[in-house]
Participant: 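Below is a structure I'd like to ask you about.
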Amino acid sequence: MADRRDGEPVGDDGGLSPGEAGAAARANVISDEVRGVAVAGLEGEVDLSNVEIVERRLAETLFGERAGSVLDLSEIRFLDSSALRMLLNLGAMADEEGRKLHLVVAEGSFAAHVLEVTRFQDMLAIHPTVERAIDSLD
Amino acid sequence: MSSRRDSITLELPNRAENIATARRAVADFAAEAGADHRAVELAVSEAVTNAIVHGYPNEGEGRVVVDAHLKADTLIVRVRDDGCGIRPNPGGRGLGIGLALIGRLSSGIKIEDHDEGGTVVTMRFELSGGQ
């Protein structure tokens, strides 16, 4: 059972955004722990304007003492190449900790579209659901 | 009876928080016109990001002008900055794939120096790809 701890909007306007409300990209990080695995859900939009703060918050959420790291991108509405760089950075951080970052990307989602267009889906560990991602850690 | 817009123009300060404003406006216009609005949204975001990062590497003040119009069965989107033009930026915050990504998302891309300085990126999208 998921232990939903919090939804963590950060930024001047209540989201992971440095800009004015309603205009700049906004994102939320939702932290869960499922079967001892850190699961971060990312919602909203990630682009150049908020990618640094989103990356920092995800790193805090995903890495630590828990057994694995799963990042759920199913609810992300928009991400661009700066967000792809963030994913690679987070993957590198996971490697440094001797673990692997697992992504959840729902079929037909915007994230799936971007990963397909950029052909990044072959470079990352991608699963259709959080359960499948966690099963892969067992 | 609703009327379809023929064009839109946005003139925005060269700040990163305006990338979202630009891409959403053009994506809405693309959706109305019957273009693939997800492709347009991502391509415009990459082009405006490039304009801000490469056009103004020292973060000086400037503007980015985005206009979109319909021509026959094509959506044409131009992103113009009045900065220093596109040049290598090894310290950039992206992946360096912005232009390649635009090329994959669009049916054509053209990059030109503007007579009055800066760079113009022109992207074409076929309307038949709409959702």
Side-chain angles (χ1 to χ4, degrees), chain A residues 11-28 43-56 73 76-92 105-124, chain B residues 10 12-28 30-31 36-57 59 64 66 79 81 89-107 109 125 129 131:
Chain A
D12 295 343
D13 62 352
L16 289 167
S17 162
E20 49 194 89
R26 301 180 68 229
N28 291 309
E43 301 175 345
E45 300 176 297
V46 181
D47 66 15
L48 181 72
S49 70
N50 65 347
V51 67
E52 289 184 18
I53 190 170
V54 172
E55 180 176 328
R56 193 159 60 243
L73 300 176
I76 193 83
R77 203 206 70 77
F78 179 86
L79 71 164
D80 67 2
S81 63
S82 63
L84 292 178
R85 179 169 179 160
M86 174 190 77
L87 296 179
L88 295 181
N89 289 345
L90 291 168
V105 180
E107 188 177 348
S109 65
F110 193 92
H113 170 65
V114 174
L115 292 170
E116 181 183 350
V117 168
T118 56
R119 297 175 185 165
F120 265 54
Q121 76 268 37
D122 299 330
M123 301 168 59
L124 301 163
Chain B
L10 298 94
L12 301 162
N14 62 328
R15 295 200 300 265
E17 57 263 36
N18 289 324
I19 297 169
T21 302
R23 69 166 176 263
R24 290 182 197 132
V26 182
D28 287 347
D36 181 349
H37 61 91
R38 293 208 301 191
V40 171
E41 184 172 20
L42 182 53
V44 169
S45 194
E46 296 294 336
V48 175
T49 298
N50 273 349
I52 291 170
V53 172
H54 297 282
Y56 307 94
E59 301 184 358
V64 177
V66 181
V79 176
D81 65 72
N89 183 8
R93 289 165 280 180
L95 272 176
I97 64 169
L99 291 176
L101 187 49
I102 294 169
R104 194 166 292 168
L105 293 163
S106 67
S107 56
I109 176 174
F125 302 88
Q131 296 179 356

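Quick note: numbers below take in every heavy atom, side chains included, and nothing from hydrogens, waters or symmetry partners. Worth saying up front: this structure is predicted, and the values here are computed from it rather than measured. Each chain gets a letter, A, B and so on, in the order its sequence line appears, and its residues count up from 1.
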Participant: Flag the pair A:Glu116 and B:Arg104 as a salt bridge only when some basic side-chain nitrogen lies within less than 4.0 angstrom of an acidic carboxylate oxygen.
Facilitator: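 Here A:Glu116 does not pair with B:Arg104 in a salt bridge, since their nearest N and O are not under 4.0 Å apart.
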Participant: So do the side chains of A:Phe78 and B:Arg24 get within less than 4.5 Å of each other, counting heavy atoms only?
Facilitator: no
Participant: Going through the distances and angles, do B:Leu105 and A:His113 end up as a side-chain contact (heavy atoms from CB on, under 4.5 Å)?
Facilitator: CA-CA 11 Å; B:Leu105 293 163; A:His113 170 65; 4.2 Å; yes
Participant: Can you find a heavy atom in the side chain of B:Arg23 that is under 4.5 Å from one in the side chain of A:Asp47?
Facilitator: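 They are in contact (side-chain heavy atoms under 4.5 Å apart), so the answer is yes.
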Participant: Could you grab the distance from atom OG of A:Ser81 to atom CG of B:Asn50, nearest 0.5 Å is fine?
Facilitator: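 A:Ser81 atom OG to B:Asn50 atom CG measures 7.5 Å (nearest 0.5 Å).
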Participant: Mind checking the CG-CG spacing from A:Asp80 to B:Leu101? Nearest 0.5 Å is all I need.
Facilitator: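 Between A:Asp80 CG and B:Leu101 CG, I get 8.5 Å after rounding to 0.5 Å.
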Participant: Enter the distance from B:Ile19:CD1 to A:Ser82:OG here, rounded to the nearest 0.5 Å.
Facilitator: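 The CD1 atom of B:Ile19 sits 7.0 Å away from the OG atom of A:Ser82.
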Participant: I need the minimum non-hydrogen distance between A:Ala25 and B:Ala20, along with the two atoms involved.
Facilitator: N-CB, 3.7 Å
